[in-house]
**Student:** 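Here you go, one structure.
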There are 2 protein chains.
Amino acid sequence: MASKIDTTEEPPILRPFFRKLNRLVQLADEDEQAILSLPARLEEVPSGHDLVREGQEVRECCLLLQGYACRHKSTEEGGRQIVSFHLPGDMLDLQHLLFPVADHNVQAVTAATVAWIPTADLQSIALERPAVGQALWRDTLIDASIFREWVLNVGRRDARSRLAHMLCEFAARRQAAGLGSPEHFTLPMSQEQIGDATGLTAVHVNRMLRSLREEGVIEQKNKAIRIVDWEGLRRIGGFDPTYLHAAA
Amino acid sequence: MASKIDTTEEPPILRPFFRKLNRLVQLADEDEQAILSLPARLEEVPSGHDLVREGQEVRECCLLLQGYACRHKSTEEGGRQIVSFHLPGDMLDLQHLLFPVADHNVQAVTAATVAWIPTADLQSIALERPAVGQALWRDTLIDASIFREWVLNVGRRDARSRLAHMLCEFAARRQAAGLGSPEHFTLPMSQEQIGDATGLTAVHVNRMLRSLREEGVIEQKNKAIRIVDWEGLRRIGGFDPTYLHAAA
DNA sequence: CGACAACTTGACGGGCGTCAACCGGAGTGG
DNA sequence: CCACTCCGGTTGACGCCCGTCAAGTTGTCG
C-alpha cells in the first residue's frame, strides 16, 4: 500500500495509456505530449484492495498500470456481481469524469499498481483536445458494449457457455492489448470471482471448468490456462469478438 | 410505415430531446437553437419493427419521439436478451455517433414515431458545442450505468426480485422523464419481452407477476399496472435509483 | 511445518425451464 | 353481427440445471 508522489515523471509512466487511446483515435504529437504530461500519483495496492467504493466522491480517475482489476456491484442481500474485468492500460472509472460520485466499486484482483489522475485535468484535456476527448468517449462506449454482452451472457447462456465466453473475451482482450499469447496465459481471478462475474457459484464454476477440461478444449494447471481448441471454445461460448470493437 | 421528409420543421419536434439534454447539462440559448434546428427525418413504425439491425452500417441516429422501444442481442442458439428499454425522448443508438456499425438491434416495442438525425450533424454539434457534447456523453454514461445494474439484476437476483426491480426502474424513469404518475401506468411490453429482459421465460414471468399481485404490492389489469405498495416493491427488487443518475 | 484460503468432489433439493392445454381479447372476413 | 383465427396470457405437471451444504485435498505463505 506504499504511496509515493511522482507528479510528472517524464519517461514512460502513462505511455500504455497513450497507446490505448491512440488505438481508438489517431492522435497528434501535441495530444501525445498532453497525455504523457498529465499529473499522476502512483500507488501500489495488494490483491483485494478496494480502489473505489460505491457512494464515494471521486476526484481522481484510476488508471491500471500493472496487475488486474474488476468492477462490481452488490444486491441488498449481499449477492455480489462483477460487471467487468480490467487489464493493464485500462482506465477503471472513466465515468467519474462526468459523474462525481461512484455508483459501483472498483477492486484490485491481483496486486496492482495504479496511477491516479485528477478528474479536473482529464476534463480539461478532453475539452481542449477534441481527438483525446473522442478517444476517451470511445473507450466508455466500448465499456458499454461489453456490458451489453455481459447482460446477454448471464441472462441467456448456460453455465458452460458463460465460462467459455468469459475465457474467450479475456484471451481476446489480452491479445488486443498486446499482452501476449491468447492461447496460453494465467487466469488471475479465483473461481469465486469467476462465479461473481458469470452469475454462478464457485462450486459450479469448478464443475464446468472440469467439464471444459474433459471436453479437451482447455488445459488448466492452477491459474495457468491453455486454450487447446480455440474454435471449440469459441463455439461453446458463442463468442463473436465484434462487440469488443477491436480494442479495450 | 409512412415516411415523410421534414428537414427543419421549426416548432417543437426535437424539443423533448433538448429538454432531456438540458437536464443532463445546463445548455445555452445557442445550444438550444443548434439542437432544435438539427435535420430530422420522421418515421412512424408499427409495433415490432426493427429500427436498427446488428451488423448494419448506421448513418443516422434514431431518436424516439412517441411509443416505446428496446435494444437486444441474441446468442448463436437464438436466445434473445433485451438489454434496455426506452421511453419517448431517448436517443436509441448514440453509440453510432462514434462507431459506424451496429453491434446490436433496436426494435419498436409499441407503434412508435422516431426521428432520424444524421450522425455527421450530431458529430459536428458535439464537437463545436462542448456543452452539447458533454450532455451526449453523459447520456451514454447513464446508459452504461443502467447496463451494469442489469448485469447485477440478471446475474444475482431471483426471478421475483428481477421483475420487481424492472418495474421500479420503469416507473422511476417514466417519472424522471416527466411522463406521468410513477404509481399508475401501462406496461407496454409483452410478458415474452419482459422475460427476454430479465433472463426468464414468459411462463415464469407470468407466475412471478401473479406472486407480486397476491403479495399485494401491485395491481394489474391487462397492461395497466398500479403499484400499490411502492416500498414493498422497492424492497423486493432491492431497487436503489442512484444508478439512474436522476435522469434517463 | 502449521494455518488458512482456494480448490475439488459428492449428495441432495429447489427454482425455473419445458411442454402442453386452455382461455380471452383483438382483428378479419363473411 | 357473428364465426374464425391468432397472439398473448394463464395454469398445471414434470424434470433438470445449478445452488447449497459438507467433507476432504491441495496450494501458499509465514
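Computed from a prediction, not measured in an experiment: that's the story for all the values here. Just so we're on the same page: letters track the sequence lines, and every chain starts at 1.
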**Student:** Both B/A202 and A/A159 contact DNA chain D. Which one's nearest nucleotide lies toward the 5' end?
**Tutor:** B/A202
**Student:** For B/G48, report the nucleic acid contact type (base, sugar-phosphate, nothing); a contact means any heavy atom under 4.0 Å.
**Tutor:** nothing
**Student:** Ring centres under 6.0 Å, that's the criterion: do A/H86 and A/F170 meet it?
**Tutor:** no
**Student:** D/dC18 P sits how many Å from A/L209 CG, rounded?
**Tutor:** 13 Å
**Student:** Would you indicate, yes or no, if D/dT11 has its OP1 or OP2 atom less than 4.0 angstrom from a side-chain nitrogen or oxygen of B/R210?
**Tutor:** yes
**Student:** Could you state the atom-to-atom distance from CG of A/L163 to C1' of D/dC17 in whole Å?
**Tutor:** 14 Å
**Student:** How many Å lie between NZ on B/K221 and P on D/dT10, as a whole number?
**Tutor:** 13 Å
**Student:** Base, sugar-phosphate alone, or nothing: which one does A/G79 contact when heavy atoms must sit under 4.0 Å apart?
**Tutor:** nothing
**Student:** In Å, rounded to the nearest 0.5 Å, how long is the span from CG of A/D196 to CD of A/Q107?
**Tutor:** 9.5 Å
**Student:** Taking CG from A/N206 and P from D/dA23, how many angstroms apart are they, rounded to a whole number?
**Tutor:** 18 Å
**Student:** Judged by atom type as modelled, is there a donor-acceptor pair below 3.5 Å linking the side chain of A/R162 to the main-chain atoms of A/T198?
**Tutor:** yes
**Student:** Within this structure, what is the CD-to-P distance between B/Q191 and D/dC7, rounded to whole angstrom?
**Tutor:** 17 Å
**Student:** On DNA chain C, does the nearest nucleotide to A/K223 precede the nearest nucleotide to B/R162 from the 5' side, or the other way round? Give the residue.
**Tutor:** A/K223
**Student:** Is A/D50 reaching over with its side chain to a backbone N or O of A/R53, donor-acceptor style, under 3.5 angstrom?
**Tutor:** no
**Student:** I need the A/L94 CG to A/F99 CZ distance, nearest 0.5 Å.
**Tutor:** 12.0 Å
**Student:** Which is the 5'-most and which the 3'-most nucleotide of DNA chain C that has an atom under 4.0 Å from a heavy atom of chain B?
**Tutor:** C/dC16 to C/dC19
**Student:** Would you mind reading off the distance between B/N222 atom CG and D/dG8 atom C1', rounded to a whole angstrom?
**Tutor:** 10 Å
**Student:** For the pair made of CG in A/D158 and P in D/dG19, what is the distance, rounded to whole Å?
**Tutor:** 12 Å
**Student:** Please name the pair of heavy atoms, one in A/V151 and one in B/F147, separated by the smallest distance, quoted to 0.1 Å.
**Tutor:** CG2-O, 3.8 Å
**Student:** Judged by modelled atom types alone, do B/T242 and A/D103 share a side-chain donor-acceptor pair under 3.5 Å?
**Tutor:** no
**Student:** What is the separation between atom CG on B/L200 and atom P on D/dG9, rounded to the nearest whole Å?
**Tutor:** 14 Å
**Student:** Counting the atoms with a prime plus P, OP1 and OP2 as sugar-phosphate, which does A/S190 contact under 4.0 Å by heavy atoms, base, sugar-phosphate, or nothing?
**Tutor:** sugar-phosphate
